[in-house]
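Everything on this sheet refers to the single structure shown next.
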2 protein chains.
Amino acid sequence: MNEVTVGGMRFELDLSQPLYEQVLDQVRSSIAKGEIALGEKIPSVREMAQALKINPNTVMRAYQELERDQLTETRRGQGTFITADAEKVKHIRYKLAEEAVEEFLAKLGSLGFTASEIAAILRSKGGEGQ
Amino acid sequence: MNEVTVGGMRFELDLSQPLYEQVLDQVRSSIAKGEIALGEKIPSVREMAQALKINPNTVMRAYQELERDQLTETRRGQGTFITADAEKVKHIRYKLAEEAVEEFLAKLGSLGFTASEIAAILRSKGGEGQ
DNA sequence: CTATGTGTATTAGGTGATATAATACACTTA
DNA sequence: TAAGTGTATTATATCACCTAATACACATAG
């Protein structure tokens with residue numbers, strides 16, 4: 001319903017999570033999936049803010065975290081660009097994946113599930129392809 | 001360092017997460033793992049609050065969520081008791097596991113990982129037994 | 001009956017994260 | 001010079017979370 005497409009990325013913001021985090025996740029996801037070409041420019045802070053109907057400061061916060069992760073490079077006066085270094089993208093992608101795995105295993109571990117039980121659950125629910 | 005053991009449960013609270021959520025998680029975890037016997041009484045709101053050095057209202061919030069999930073039964077004037085129904089514990093345990101799986105798969109999916117890739121990562125990191 | 005220990009409700013206040021608004025500055029490019 | 005970038009600052013508002021203090025309803029031991 002409340003979707004917006006900007007810079008080739010699709011956003012659907014809600015209030016269940018900080019806005020800057022949702023923006024960050026969406027852009028990062030687009031980069032990780034290769035939906036945005038390396039070196040490409042992403043929308044300016046103001047343009048993104050206007051499109052999403054949120055404050056420029058909120059977009060800034062997301063953009064700065066992207067740069068901290070070296071997924072983007074910002075050039076004053078020019079804009080914000082996806083890194084041209086494929087290795088950096090690959091690295092962050094795996095790092096995020098590992099963190100997700102750690103968190104997942106910890107959570108199921110705290111519920112008393114063994115590794116084989118976890119594997120069985122995943123096998124029954126792993127209907128994700130794409 | 002900052003650990004407290006109360007009612008047979010070990011707590012180590014920090015500020016990275018809401019306190020009521022940490023208390024909830026810890027008690028629920030103890031129940032799911034069977035570290036607390038069914039039907040057993042858990043520490044009173046006041047006792048728990050004093051032991052953890054937090055406000056009774058904060059403990060209350062955790063306890064109320066436990067009761068909403070039917071993991072506990074509260075008897076006014078007597079205390080809060082773990083449910084005697086093993087099925088309910090089993091049910092909640094699997095429900096929480098499924099939610100964790102869903103969230104995990106969604107997160108990795110948004111990073112562009114396929115099911116087989118996810119399986120491979122888990123195989124390499126799944127060194128959790130007990 | 002009384003005292004004590006339960007769960008529960010209410011009201012008030014403090015703190016920090018999040019988000020907005022408005023404005024200004026530094027830099028790049030047409 | 002003008003317009004579009006990133007960036008910084010100050011102020012304000014809101015909300016979740018936590019605390020504090022107090023009071024009430026109920027159960028049980030004495």
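Basis for what follows: all heavy atoms, side chains included, without hydrogens, waters or symmetry-related copies. Below, chain A is the first sequence line, B the second, and so on; all start at residue 1.
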Measure from [atom1] on [X] to [atom2] on [N] and round the result to the nearest Å.
{"X": "Met60(A)", "N": "dT5(D)", "atom1": "CE", "atom2": "C1'", "result": "11 Å"}
{"X": "Gln64(B)", "N": "dG7(C)", "atom1": "CD", "atom2": "P", "result": "11 Å"}
{"X": "Lys41(A)", "N": "dG4(D)", "atom1": "NZ", "atom2": "P", "result": "12 Å"}
{"X": "Arg68(B)", "N": "dG7(C)", "atom1": "CZ", "atom2": "C1'", "result": "15 Å"}
{"X": "Leu13(A)", "N": "dA19(C)", "atom1": "CG", "atom2": "C1'", "result": "13 Å"}
{"X": "Phe81(B)", "N": "dG7(C)", "atom1": "CZ", "atom2": "C1'", "result": "11 Å"}
{"X": "Tyr63(A)", "N": "dA8(D)", "atom1": "OH", "atom2": "C1'", "result": "18 Å"}
{"X": "Gln50(B)", "N": "dT19(D)", "atom1": "CD", "atom2": "C1'", "result": "16 Å"}

(message) Judged by each residue's nearest nucleotide on DNA chain C, which is more toward the 5′ side, Arg75(A) or Asn55(A)?
(response) Asn55(A)

(request) Could you say whether Asn57(B) or Glu21(A) is positioned toward the 5' end of DNA chain C, judged by the nucleotide with the nearest heavy atom to each? (result) Asn57(B)

(message) Less than 3.5 Å apart, any donor N or O on the side chain of Glu67(A) or Thr74(A) sitting next to an acceptor on the other?
(response)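 Note: Glu67(A) and Thr74(A) side chains meet the donor-acceptor criterion.
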
(message) If only side-chain N and O atoms count, and only distance matters, is there a donor-acceptor pair under 3.5 Å linking Asp14(B) with Ser16(B)?
(response)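 A donor-acceptor contact under 3.5 Å links the two side chains.
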
(message) When you measure only distances, ignoring hydrogens and angles, does the side chain of Arg46(B) come within 3.5 Å of the base of dG7(C) through a donor and an acceptor?
(response) yes

(message) Just to be sure I understand the rule, does Arg61(A) reach a base, reach only the sugar-phosphate, or reach nothing, if contact means heavy atoms closer than 4.0 Å?
(response) sugar-phosphate

(request) Can you measure from OG (Ser30(A)) to CG (Leu71(A)) and round to the nearest 0.5 angstrom? (result)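 Answer rounded to 0.5 Å: 11.5 Å.
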
Closer than 4.0 Å, any side-chain N/O of [X] to the OP1 or OP2 of [N]?
{"X": "Thr74(B)", "N": "dT8(C)", "result": "yes"}
{"X": "Thr80(A)", "N": "dT5(D)", "result": "no"}
{"X": "Gln78(A)", "N": "dG6(D)", "result": "no"}
{"X": "Tyr20(A)", "N": "dT18(C)", "result": "yes"}

Among [options], which is the nearest nucleotide to the side chain of [X]?
{"X": "Ser44(A)", "options": "dG6(D), dT28(C), dT28(D)", "answer": "dG6(D)"}
{"X": "Arg76(A)", "options": "dC18(D), dG6(D), dG7(C)", "answer": "dG6(D)"}
{"X": "Val45(B)", "options": "dC17(D), dG7(C), dT7(D)", "answer": "dG7(C)"}

(request) Could you tell me whether Glu99(B) and Lys95(B) have a side-chain N and a carboxylate O separated by less than 4.0 Å? (result) yes

(request) Can you see which heavy atom on Leu108(B) is nearest to which on Ala100(A), and at what distance? (result) CD2-CB, 3.7 Å

